[in-house]
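Note on naming: letters A, B, ... go to the chains in the order of the sequence lines (proteins, then strands), and numbering restarts at 1 for each one.
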There are 2 protein chains.
Amino acid sequence: MDFQVSFNVNNKLFVKDPENTDLGRQIVKNAIDLIYTLGFEQFTFKKLAIEIQTTEATIYRYFENKHKLLLYILNWYWSYMEFLVMFKLQNLDNPEIKLIAVIDLLTSDLPNTSGKFDYNKKYLNQIVISESSKAYLVKDISEINKDEVFKPYKDLCSKIADLISEYNPKYKFPKSLTTTLIESSHQQQFFADNLPKLTDVCEVNQKDFVRSFLKDLLFKTILI
Amino acid sequence: MDFQVSFNVNNKLFVKDPENTDLGRQIVKNAIDLIYTLGFEQFTFKKLAIEIQTTEATIYRYFENKHKLLLYILNWYWSYMEFLVMFKLQNLDNPEIKLIAVIDLLTSDLPNTSGKFDYNKKYLNQIVISESSKAYLVKDISEINKDEVFKPYKDLCSKIADLISEYNPKYKFPKSLTTTLIESSHQQQFFADNLPKLTDVCEVNQKDFVRSFLKDLLFKTILI
DNA sequence: TTTAATAGAATAGTAATACTATCATTTTTA
DNA sequence: TAAAAATGATAGTATTACTATTCTATTAAA
């Protein structure tokens with residue numbers, strides 16, 4: 001089986017659609033590698049330009065600034081995630097099993113697809129963990145929010161929140177619980193790697209630890 | 001009643017202790033105001049220097065860079081928070097009431113103390129909400145962690161985690177739950193203000209909403 | 001009381017960042 | 001085959017994140 005997944009990333013996020021050209025795809029792919037390697041603060045268009053042997057000016061033809069490029073990458077991730085959720089929940093009808101599948105997705109690396117988007121999924125995952133909150137923790141959040149750049153994230157949240165309401169229609173905070181689960185899944189993974197004293201991780205598998213913590217948290221909270 | 005609260009902020013965070021001089025205290029106080037106003041990314045030592053009518057070079061005599069200054073401010077906050085927790089829990093012995101008091105603290109503005117530290121507590125609170133994760137979401141986290149700059153945060157977490165274990169000794173994730181509560185309290189307040197669709201906030205009091213969400217989450221999760 | 005150390009002000013300078021602008025050249029498309 | 005679009009090459013600007021030096025005022029130690 002081989003198929004292509006494609007989704008439109010909000011066109012306010014780029015000046016020129018990077019999906020349409022070789023260079024554009026190179027920019028995004030190498031941006032993921034470089035942001036992973038350097039961290040978002042140390043990442044610059046200059047360094048990216050050197051990496052792919054082009055010029056800063058050329059990269060500015062695709063993206064206004066590095067913040068928009070980060071948002072572009074995250075939008076791609078959230079859209080892909082929503083697709084994966086949809087895909088994995090197909091033919092499931094037990095709400096509990098569906099929610100377990102969602103938590104498994106949130107705490108696993110993205111599957112490696114072939115084809116057009118050969119982004120490094122491990123790096124992408126790590127970027128989401130370490131950098132995604134920098135996309136919204138900015139002073140001009142209300143300005144950038146007007147361009148609907150957080151729509152894929154909101155859509156994913158609302159899809160998961162619906163599953164929670166399906167499981168327990170009386171639970172009062174389905175969206176807040178969803179964002180808490182998602183953000184906590186990132187944090188706990190980050191803490192487990194970097195500030196383990198802030199977690200209860202034990203030496204063994206960290207992903208398993210985060211997974212069991214979140215499942216416990218979720219199902220106790222929405223118990224009928 | 002009038003008393004002075006004082007705690008030592010880790011001396012690796014400054015070149016010269018700002019608490020010892022008028023200028024030093026001015027730097028910290030105005031840094032809080034400016035970071036609140038501009039956001040951490042737009043905040044620079046140059047702008048701060050202009051604000052307090054001194055020079056960049058002088059500020060560099062106190063702090064190596066703006067990241068260390070942010071850490072200094074956050075360390076002050078976490079130490080103060082731990083003091084407040086200790087203070088509020090005095091003479092309480094019911095673990096449930098203690099935990100409720102902690103959540104109330106996490107979702108309230110800091111009390112305005114008089115005296116030496118007339119930092120704007122509302123601004124400080126907002127900085128913790130919007131900027132604190134930028135203190136640890138950096139590439140060189142393991143380097144800076146060696147200087148124990150996260151000790152006050154870890155101490156506070158461990159104090160709260162102990163309360164959870166006191167309430168339910170069998171609960172397996174007291175630290176992870178604590179960090180989730182703390183970070184979620186920031187996130188949900190931020191989202192309620194800026195991306196309300198990611199929460200279940202209704203028009204009325206946002207602090208009350210976050211508080212009831214967190215209490216519900218906490219006590220359901222640690223139910224015996 | 002003189003000396004010496006320190007704090008801060010003033011100024012200058014550097015490398016890097018985050019862009020913008022222009023123009024020539026190559027590639028694509030009509 | 002001409003026109004349009006994409007890219008490369010180069011240059012330039014304001015700002016940032018520092019470092020260094022020199023001078024003066026203040027304070028502390030000998």
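Ring geometry, B/H186 versus B/W78: the interplanar angle falls from 30° to 60°, so the pair is classed tilted. Below 30°, between 30° and 60°, or above 60°: for A/F213 and A/F209 the angle between ring planes is below 30°, a parallel geometry. Classified by interplanar angle (parallel below 30°, tilted 30° to 60°, perpendicular above 60°), the ring pair A/Y136/B/F190 is tilted.
Between the side chain of A/D109 and the backbone N or O of A/N125, no donor-acceptor pair lies under 3.5 Å. For the pair A/S130 (side chain) and A/I127 (backbone), a donor-acceptor distance under 3.5 Å is absent. Between the side chain of A/T199 and the backbone N or O of A/P196, at least one donor-acceptor pair lies under 3.5 Å.
Atom CD in B/Q26 sits roughly 12 Å away from atom P in C/dG8 (whole-Å rounding). Rounded to whole Å, the distance from CG on A/L23 to C1' on D/dA9 is 15 Å. When rounded to the nearest whole Å, the span between CD1 of B/I50 and P of C/dA9 equals 14 Å. One can place CG of B/L48 at 18 Å from P of D/dT15, the figure rounded to the nearest angstrom. Rounded to whole Å, atom P of D/dT16 lies 19 Å from atom NE2 of B/H67. In this structure, CZ of A/R25 is placed 11 Å from P of D/dT7, rounded to the nearest angstrom. Atom CD1 in A/I52 sits roughly 16 Å away from atom P in D/dA6 (whole-Å rounding). In this structure, B/Q53 places its CD atom 16 Å from P of C/dG8, rounding to the nearest Å.
A donor-acceptor pair shorter than 3.5 Å cannot be found between the side chains of B/T107 and B/S185.
At the phosphate of C/dG8, OP1 or OP2 sits under 4.0 Å from a side-chain N or O atom of B/Y62. For D/dT7, neither phosphate oxygen OP1 nor OP2 lies less than 4.0 angstrom from any side-chain nitrogen or oxygen of A/T54. Residue A/T55 places no side-chain N or O under 4.0 Å from the OP1 or OP2 atom of D/dA9.
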What does nucleotides 22-30 of chain C look like as a protein-contact string, B for base, S for sugar-phosphate only, - for none, at under 4.0 angstrom between heavy atoms? ---------

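Taken from CH2 in B/W76 to CG in B/L13, the straight-line distance is 15.0 Å, to the nearest 0.5 Å.
By the side chain to side chain donor-acceptor pair (under 3.5 Å) test, A/E64 is found to be paired with A/K68, residues two or more places apart in sequence or in another chain being considered.
When heavy atoms are screened at a 4.0 angstrom cut-off, B/F63 is found touching no nucleic acid atom at all.
Applying the salt bridge (Lys or Arg N to Asp or Glu O under 4.0 Å) rule to pairs touching residues 131-142 of chain B yields B/E41-B/K134, B/E131-B/K134, sequence neighbours excluded. Residue pairs meeting the side-chain hydrogen bond (donor to acceptor under 3.5 Å, both in side chains) criterion with at least one member in residues 147-162 of chain B, sequence neighbours excluded, are B/E82-B/K159, B/N145-B/K154, B/K151-B/D155, B/Y153-B/E183.
Salt bridge annotation for A/K207-A/D104: absent, with no cationic side-chain nitrogen under 4.0 angstrom from a carboxylate oxygen.
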N/O contacts under 3.5 Å, protein versus nucleotides 16-19 of chain C?
residue : atom : partner : partner atom : Å
C/dC19  : O5'  : A/Y60   : OH           : 3.0
C/dC19  : N4   : A/E56   : OE1          : 3.3

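With axes fitted over five pairs at each extremity, the angle between the ends of the helix from C/dT1-D/dA30 to C/dA30-D/dT1 is 20° (10° resolution).
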